[in-house]
Amino acid sequence: FTPPTAPYDVDTTPPTVSSTSPAGSSTGVGVSSAISATFSEDMDSSTISTSTFTLSSSSGSSVSGTVSYSNKVATFTPSSNLSYSTTYTATITTGVKDTAGNAMSSTYTWSFTTGSAPDTTAPSGSVSINSGASYTNSTAVTLNLSATDTVGVVGYYASTSSSTPTASASGWNSVTSATSYTGSVSYTLASGDESKTVYVWYKDSAGNVSSAASDSITLDTTAPIVTITSPNSSDTYTTTSSPLSLSGSASDTTSGVKEVTWSNDKGGSGTASGTTYWSVLSISLTSGDNKITVTAKDNAGNTSTDTITVTYSAATKPTVTTGSASNVTATSATLTGTVNANGLSTTAWFEYGTVKGTYGNKTSTQTVTGSNDTTVSVTITGLTAETTYYYRIAAQNNSGTSYGEEMSFQYSSKGSAPTVTTDSATDVTTTTATLNGTVNANGISTTAWFEYGTLSGTYGNKTTTKSVSGSTDTKVSIGISG
């Protein structure tokens, strides 16, 4: 062997780390990532080990793993996945040397942060059809959607099948990502009268699919059947009596009959009592032909009608008007009214009692004749103070019996109760009317109102109030609608 002659090159330069993976200060690093460092020159692989290349968490805990070296790259491979959302520090000590035996001049460290844990929680949500309605008469419905997700709801899937769709299945509807999503969307049910169930799923951006939310609604597109059976089952009827009573039947096999209503083309309308078997007790008739239409509506909103034309020829029964009570004391009062006998011998009397619409007492009778208004009065006794009495005039002749409107009075130690008269409604339309009457406050500050409803003797509604004063009759008018 002949040694080289001087001069010759000797490597005395310390190696350095030229790059790292992941880079220093990186975020969102995968938890399964290996950590590597690339050196500036070839290294002595025997100096690169778990004692010179280490990894530790922000809490100072060492991460176990293996170290390998190839082509200037040292790689630290953790024994198991790193933790999510954790900062780690990699360290290469001065114990590593290049192939010439030069050590790094100083320890090299860099840090990085792993990414957040993946979203594995599916959204939760609900659905209602037509805002929770039980029935519909159209296949076109509205789905009211609602869902929440910690990351964000990005789509919904609606179907009449209960099979859960995959996140990549066709048929998903995209929505703007939101942690709290609500929406109303159109949906078409399959035809056929029956209960329909719609299932809805929600998914988030991670592809998590919710459990099925569902709602059911009964589709009913078939109109009910309604039939007038009394006063007869014919299309026409002739009578000399008014008011008229009607009755009949109605049926609906899917959603059931919700209500039965009636209307007279000469004026007047209302709701019948009952549904499957219904009745209307008092329909006022106008002389001539009255076309009365009865309408049945089912719970899905379908309607059907039956009609009867009633020809009415008014008889000459008495015409009566209930007047005011006067001379009211703690135990007695004088009831007044007018009777037109319409040319027939007529018997008149008053009915009274302490329950509105119920008259448990009847006065003695008086005979009225002629064709002009005749004033009738009678004094009743045995009354009780501080008690409201209801009364009306009645008259009967060979053509029938007539009853006046109900009036009331009360004797109070504080003064006389108001005297009131109910007059006819005016400005009547399909949705509005003006109620009229007169009030005598009898010298005391008085509050007046109207009570009204769709059943005779039953008043489920009350108008606004008006103040009345003085000792003379004062006109009161209040409009109602709806």
Side-chain angles (χ1 to χ4, degrees), residues 122-148 153 155-165 169-173 175 181-203 209-229 246-263 269-280 293-307 430-431 454-455 460 482:
S124 62
S126 62
V127 60
S128 65
I129 305 174
N130 287 355
S131 300
S134 297
Y135 305 97
T136 179
N137 60 9
S138 173
T139 57
V141 296
T142 297
L143 303 184
N144 309 111
L145 307 177
S146 177
T148 58
V153 178
Y156 69 88
Y157 187 102
S159 174
T160 54
S161 169
S162 61
S163 298
T164 302
S170 61
W172 283 94
N173 297 277
V175 301
Y181 165 74
T182 58
S184 296
V185 298
S186 299
Y187 190 81
T188 302
L189 302 174
S191 60
D193 288 2
E194 61 182 358
S195 177
K196 310 288 186 180
T197 300
V198 177
Y199 301 88
V200 175
W201 295 265
Y202 301 91
K203 70 176 180 179
V209 177
S210 70
S211 299
S214 65
D215 192 23
S216 297
I217 194 169
T218 297
L219 175 63
D220 178 8
T221 59
T222 304
I225 298 172
V226 61
T227 304
I228 299 171
T229 59
L246 284 184
S247 62
S249 62
S251 62
D252 186 87
T253 58
T254 304
S255 62
V257 179
K258 180 181 181 180
E259 65 178 3
V260 177
T261 58
W262 64 271
S263 64
S269 62
T271 301
S273 297
T275 53
T276 304
Y277 299 100
W278 55 267
S279 63
V280 182
T293 302
V294 176
T295 302
K297 177 188 289 186
D298 64 21
N299 285 290
N302 303 299
T303 61
S304 64
T305 61
D306 193 14
T307 61
T430 56
T431 58
T454 59
L455 297 177

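Keep in mind that this is a model prediction, so the values were computed, not measured.
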Trace of the side chain to side chain donor-acceptor pair (under 3.5 Å) decision for Thr182 with Ser146 = CA-CA 4 Å; Thr182 58; Ser146 177; over 6 Å; no
Residue pair Ser159 / Ser161: nearest heavy atoms and the distance that separates them = OG-N, 2.9 Å
How many angstroms lie between atom CG of Asp193 and atom OG1 of Thr221, to the nearest 0.5 angstrom?
-> 3.5 Å
Just distance, no hydrogens or angles: give the donor-acceptor pairs under 3.5 Å from side chains in residues 269-279, sequence neighbours left out.
unit_1: Trp278; atom_1: NE1; unit_2: Ser249; atom_2: O; d: 3.2

With sequence neighbours excluded, what pairs up with Ser255 under the side-chain hydrogen bond (donor to acceptor under 3.5 Å, both in side chains) test?
-> Asp220, Asp252
In short, Val175 meets Val153 closest at the heavy-atom pair CG2-O, 3.7 Å
What is the distance from atom CG of Asn299 to atom OG1 of Thr136, rounded to the nearest 0.5 Å?
-> 12.0 Å
Reported OH-to-OG distance for the pair Tyr199 and Ser214, which is rounded to 0.5 angstrom | 6.0 Å
Is any side-chain heavy atom of Asn130 less than 4.5 Å from a side-chain heavy atom of Thr142?
-> yes
For Trp172, the ring-ring contact (aromatic ring centres under 6.0 Å, His included) test, sequence neighbours excluded, returns Tyr157
Check step by step if side chain to side chain contact (heavy atoms under 4.5 Å, CB included) holds for Val185 and Tyr156.
-> CA-CA 11 Å; Val185 298; Tyr156 69 88; 3.4 Å; yes
Would you say the side chains of Ser128 and Asp215 form a donor-acceptor pair under 3.5 Å?
-> no
Does a side-chain heavy-atom distance below 4.5 Å link Leu246 with Val294?
-> yes
Indicate the atoms forming the closest heavy-atom contact of Asn302 with Pro224, along with that distance.
-> O-CD, 3.5 Å
Give the minimum heavy-atom separation between Ala250 and Ala296, together with the two atoms involved.
-> CB-CB, 4.2 Å
Report the residues that fulfil salt bridge (charged side-chain N to carboxylate O under 4.0 Å, His left out) with Lys258, sequence neighbours left out, ordered by chain and then residue number.
-> none
Could you check if a side-chain atom of Tyr135 sits within less than 4.5 angstrom of a side-chain atom of Asp298, using non-hydrogen atoms only?
-> no
Is a side-chain donor-acceptor pair under 3.5 Å present for Thr305 with Thr295?
-> no
Mind checking whether Thr218 and Ser134 have side chains closer than 4.5 Å, heavy atoms only?
-> no
Residues two or more places apart in sequence or in another chain: which of them pass side-chain hydrogen bond (donor to acceptor under 3.5 Å, both in side chains) with Glu194?
-> Lys196
Should Val198 and Leu189 count as side-chain neighbours, where that means a heavy-atom distance under 4.5 Å?
-> yes
Kindly write out the residues that satisfy side-chain hydrogen bond (donor to acceptor under 3.5 Å, both in side chains) with Thr139, not counting sequence neighbours, or none if the list is empty.
-> none
Quick check: are there more than 12 heavy atoms from other residues, nucleotides or ligands sitting under 6.0 Å from CG of Leu143?
-> yes
Hey, could you give me the OG/CG distance between Ser126 and Leu145, rounded to the nearest 0.5 Å?
-> 8.5 Å
Closest contact, heavy atoms only, Ala158 versus Val200 = CB-CG2, 4.0 Å
